[in-house]
Amino acid sequence: MSIRIRYLKKKHALSLEGAVRGCAQDGDNRCKEFIYKNCYGYVLAIILRYVKNDFDAEELTNESFIRAFNKIETFNSKEGGQRYEKSFRSWLARIAVNISIDFLRARKPLVALEDVSEQELTPHRVAVSTDLEVHDILKLLQQLPDIQRTIFNLYEVEGYSHEEVSALLSIPESTSRTYLTRAKKKLRQLYIESVDITAKL
Amino acid sequence: MSGKGKNDELIDHIAKRLRNHAEPYREGAWERFAAQAEGRRRRGMAWSRWAAAAILVLAAGWFVFDLTDNERGNGARQVFKQQSAGQQLAVEERPDEDTAPVSPYKAQQVDSGETPDPVFDQSQTVRTALAVRSGQVVENREASATAKSAAPHMVASASASHSTDASTAGGAPIGRDASVGRDVEEIVGEQPIAADPMPAQPENHSRLAYESQGIHESVSEEAGKWDFAIALAPSVTSERLNLGGGVAVAYRLSDKISLASGVSLSDLGVAQQHTGQPSALKASLTPNSPAPGQESEIAHYRNREITSVSSTLLAVDIPLNLRYHVTDRFYTSAGVSFIGILKERRINHFVDHINQPTTDYAYNLKAVHSAERSGEQPLQGRGYTGFLNFSVGRSVPLSRKVFLAVEPYFKLPIGRLSNEDMDLTNGGVRIVTGF
């Protein structure tokens with residue numbers, strides 16, 4: 001009887017909250033699939049801010065979901081509805097960010113890549129308009145050194161504080177501030193150069 | 001200022017666009033993910049499935065073996081050894097195959113002066129005594145022991161070794177559930193019973209085999225819910241501090257309840273129980289004359305007296321516990337253990353009757369204590385459905401996959417193990433590293 005009830009319940013359209021709760025309760029595969037498909041684009045977008053390669057980004061996205069599903073019972077939110085889903089997405093984003101940073105750190109030391117000279121930054125043509133497209137932004141972003149890009153993402157996009165960034169990347173807070181300033185400066189420079197190239201064309 | 005403002009505006013714009021951006025779903029991503037996750041899970045769990053299945057099969061086999069052993073025990077006949085006035089009566093269980101058919105209504109009276117068969121004494125396992133003469137049950141006068149399951153078709157054979165006088169005693173078949181004792185004055189008659197061959201129990205075996213198979217199949221299906229751990233378990237018995245350790249496995253039945261098992265090896269130092277006089281002690285004391293009535297006389301001629309028996313056991317312990325997770329990190333469990341004694345070393349402790357004079361001027365005498373290794377190993381090679389386990393534990397995560405648990409536990413001997421002459425009650429703290 002209970003199996004039948006459970007089966008009938010599953011027939012109903014899932015919400016993200018229901019899927020998360022169901023997954024935490026019995027590790028149901030259908031719930032996992034729902035969560036994966038629902039949050040795939042969100043997680044992939046986060047990872048693409050940190051990782052340049054598409055193939056690596058997809059690998060890390062899957063890694064993030066594996067980790068999330070393994071630990072989903074530890075996710076606990078007292079909220080309901082939209083707040084619950086937002087809370088879950090934040091939790092998922094944190095996992096994705098951590099995995100991305102681990103990936104960058106394992107590949108090569110983050111700080112060693114900081115000293116990229118200004119000359120090495122080759123401006124790319126971006127379709128600049130009053131409403132800058134995301135893919136253009138990503139192109140600009142990907143020209144930044146890893147450490148600057150990471151700090152920019154963590155601070156400006158994800159909303160981490162410098163204290164949290166320094167703890168996450170094992171660098172002093174002052175270094176975090178410095179790199180953020182450099183990242184912003186370079187972004188602006190890259191943006192202006194892109195505008196110039198577009199204007200010349 | 002306006003440049004800075006424009007720059008901030010640009011950065012804000014970038015951040016906002018990035019924050020709200022989500023990539024489109026790529027077709028086949030879930031299928032690739034599912035295949036990848038499944039592959040990982042299979043690789044990770046392949047060895048653990050086999051280990052868990054082996055443990056379960058081993059435990060089931062042990063259980064079946066134990067049942068079979070018990071059934072044989074029930075089908076065994078009892079042989080009563082009796083001696084003359086004030087002599088000890090002992091009952092021995094022997095399996096059917098070890099004993100030839102015994103002539104009915106045969107009783108043998110032991111001449112107290114004669115030496116009993118030492119092999120017979122050593123193989124004495126059940127310290128029950130029953131005396132029957134002319135259909136009358138002679139009751140126990142000393143310590144009473146609880147007999148095991150009643151066996152209506154049991155041969156009560158008063159067979160004490162080298163007696164010459166044999167008398168017949170009629171009577172009804174004797175059940176083993178009578179209260180029994182050691183010192184019986186009367187001569188015991190031998191009670192024949194209809195040779196009822198122990199019925200095989202194919203239903204039992206097939207059922208257990210089926211259950212075992214069922215468990216094995218479910219292991220294959222639900223291998224994702226297994227937890228594994230390595231445990232170190234120092235324990236304390238009445239004798240000393242012991243050390244043990246092994247592997248543990250747990251299967252999560254639900255969020256709150258899991259079934260835990262494993263295999264552990266422990267080195268237990270135990271001493272004789274304080275209640276009653278153990279058979280080992282008695283046998284060691286009077287190897288040549290088991291007659292209780294003559295103990296004092298014999299002791300008089302002997303130079304030393306045994307005071308205690310201690311034993312060191314190497315035991316393999318297979319627990320089967322039900323664990324209840326009170327909270328995420330706190331749990332309690334209860335269950336039983338199947339225990340097998342791999343090695344036993346007994347030591348008899350004596351006090352010499354010839355006291356050693358001291359050097360003080362008061363001419364006091366000092367008792368001389370000595371210890372001697374005993375050749376007896378009554379527990380070695382035997383398996384028991386032995387302990388009732390109780391424990392509480394608290395686990396602390398060390399990393400994402402590894403946790404450390406501290407688990408105080410207590411083991412209480414049950415069944416046949418509680419009737420042994422050694423006190424195997426023990427407790428300690430188990431330190432578990434899980435992954």
Side-chain angles (χ1 to χ4, degrees), chain A residues 24-27 29 32-49 54 57-59 61-67 69-71 73-74 76 89 93 128 130-138 140-141 152-153 155-159 180 183-185 187-189 191-192, chain B residues 2-45 221-227 252-258 325 327-329 395 397 399-403 435:
Chain A
Q25 200 170 358
D26 55 8
N29 227 28
K32 283 182 182 176
E33 184 178 353
F34 183 87
I35 294 167
Y36 184 89
K37 288 184 173 174
N38 196 282
C39 300
Y40 173 86
Y42 175 72
V43 174
L44 183 61
I46 292 168
I47 290 171
L48 277 171
R49 286 179 219 149
D54 260 19
E58 185 159 339
E59 284 288 304
T61 303
N62 286 347
E63 185 71 37
S64 302
F65 277 106
I66 287 172
R67 191 181 291 185
F69 290 147
N70 284 341
K71 295 286 175 188
E73 67 273 12
T74 64
N76 190 15
R89 281 174 183 272
V128 180
T130 50
D131 194 14
L132 205 58
E133 290 298 324
V134 170
H135 290 289
D136 296 329
I137 294 171
L138 284 175
L140 295 177
L141 205 59
F152 177 83
N153 281 326
Y155 187 88
E156 293 290 347
V157 185
E158 322 292 352
L180 180 67
K184 285 179 179 177
K185 188 181 168 186
L187 263 180
R188 188 176 66 249
Q189 184 187 343
Y191 171 72
I192 291 166
Chain B
S2 67
K4 191 174 184 300
K6 277 186 179 177
N7 187 42
D8 288 344
E9 195 179 323
L10 174 71
I11 298 302
D12 286 347
H13 175 73
I14 289 172
K16 189 180 174 187
R17 289 306 304 264
L18 288 176
R19 211 176 290 131
N20 296 331
H21 173 64
E23 290 285 323
Y25 177 74
R26 296 176 184 174
E27 283 306 317
W30 163 251
E31 285 72 20
R32 286 193 294 276
F33 169 78
Q36 184 183 347
E38 182 64 21
R40 274 191 190 195
R41 201 171 63 85
R42 279 186 182 169
R43 279 197 302 275
M45 296 304 293
E221 289 170 8
E222 311 228 358
K225 294 186 174 181
W226 290 96
D227 289 328
R252 274 172 283 157
L253 297 172
S254 70
D255 287 345
K256 289 283 184 186
I257 295 172
S258 56
H325 297 266
T327 65
D328 281 351
R329 294 184 179 179
S395 64
S399 70
R400 284 184 288 106
K401 292 183 179 176
V402 180
F403 69 87
F435 44 90

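Just so we're on the same page: letters track the sequence lines, and every chain starts at 1.
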Side chain from CB out, backbone as N, CA, C, O: work out which of these in [X] comes under 4.5 Å of a heavy atom of chain B, or both, or neither.
X        : value
A/Lys32  : both
A/Phe65  : both
A/Leu141 : side chain
A/Asn38  : neither

Are [X] and [Y] close enough that some pair of their side-chain heavy atoms sits under 4.5 Å apart?
X       : Y        : value
B/His21 : A/Arg49  : no
B/Leu18 : A/Asn153 : yes
B/Tyr25 : A/Tyr36  : yes
A/Tyr40 : B/Arg26  : yes
A/Thr61 : B/Phe33  : no
B/Ile14 : A/Tyr191 : no

What's the shortest heavy-atom distance between B/Ala22 and A/Ala45, and which atoms?
-> CA-CB, 3.9 Å

Residues, nucleotides or ligands: over 12 heavy atoms within 6.0 Å of B/Asp328 CG =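 Not buried by this count: 12 neighbours or fewer within 6.0 Å.
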
Might you confirm whether atom NZ of A/Lys37 has over 12 heavy atoms from other residues, nucleotides or ligands at distances under 6.0 Å?
-> yes

Hey, is the main chain of A/Ile137 close enough, under 3.5 Å, to the side chain of B/Arg17 for a donor-acceptor pair?
->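 Answer holds: no.
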
B/Phe403: what forms a ring pair (Phe, Tyr, Trp, His ring centres under 6.0 Å) with it, not counting sequence neighbours?
-> none

Apply side-chain contact (heavy atoms from CB on, under 4.5 Å) to B/Ser254 and list each qualifying residue two or more places apart in sequence or on a separate chain.
-> B/Lys256, B/Ile257

Less than 4.0 Å between a side-chain N and a carboxylate O, is that true for A/Glu58 and B/Arg32?
-> yes

Show the numbers, then the answer: is there a side-chain contact (heavy atoms from CB on, under 4.5 Å) between B/Ile11 and A/Leu187?
-> CA-CA 8 Å; B/Ile11 298 302; A/Leu187 263 180; 4.2 Å; yes

